[in-house]
Amino acid sequence: MSVVRGAGQGILAEENTAKREEIVELLTRAYWMEIETVMSYVASSVNPDGVRAQEVIESLAADVQEELGHAQQYASRIKELYGVVPGSLDFKAEQTYLQPPETQTDIVHVIRGVIEAETGAIEHYNRIIEACDGVDWVTQDMVIAILHDEEGHRRLFEGYLREYEAEGKA
Ligand SMILES: [Fe+2]
Ligand SMILES: [Fe+2]
């Protein structure tokens, strides 16, 4: 008697191979976004100067660990869906907006860069959640939790920006 791996197997079912590959591609992009964010936040949690930079520095230093955790979750899920986590030679940087500013006291530049990075993550993760709907609940559940983190990150940095805007410095 043969075992038929059918619809009851969800995203791991034979007939969902194409969908699985689509999700692995989306997860791979998410993985690279997290990896680049780790690099950018490591630099941005060290470079800024000034008394008012401290809060931003501490937030970003904590976020580095969270974003790294996200990258690890994406990597694990890629493997579970029979994909392969890519090697570093496939990496292509995209975060032009998170390069170090001209002057290291330019905290507004860093805050705006973080908001842009978080917004990009929020947009992409919403896409993944939609792509998973009805077919891959586990990935969907995982990405919803990560999306929650990113929404929290963006809101925090929007709050920092508000303070500078209120003073006419942003
Ligand atoms: Fe993240
Ligand atoms: Fe984030």
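No hydrogens, no waters, no symmetry mates; every other heavy atom, side chains included, goes into these values. One-based numbering, in listed order, for ligands and for the atoms of each.
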One pair to check against salt bridge (Lys or Arg N to Asp or Glu O under 4.0 Å): D106 and K169. What are the steps and the verdict?
CA-CA 10 Å; D106 186 357; K169 289 175 180 160; over 6 Å; no
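Distance alone, capped at 3.5 Å, places no donor-acceptor pair between the N16 side chain and the K19 backbone.
Between R52 and E167, at least one side-chain nitrogen of the basic residue sits less than 4.0 Å from a carboxylate oxygen of the acidic one, meeting the salt-bridge criterion. A salt bridge is defined here as a Lys NZ or Arg NE, NH1 or NH2 lying under 4.0 Å from an Asp or Glu carboxylate O, and R29 with E94 meets this definition.
Around the Fe ion (ligand 2), protein N, O or S atoms at a distance under 2.8 Å total 5; waters are neither shown nor counted.
Just one residue in the list E165, E158, E163 forms a side-chain contact (heavy atoms from CB on, under 4.5 Å) with L161, and that residue is E165.
Residue pairs meeting the ring pair (Phe, Tyr, Trp, His ring centres under 6.0 Å) criterion with at least one partner in residues 145-170, sequence neighbours excluded, are F157-Y160.
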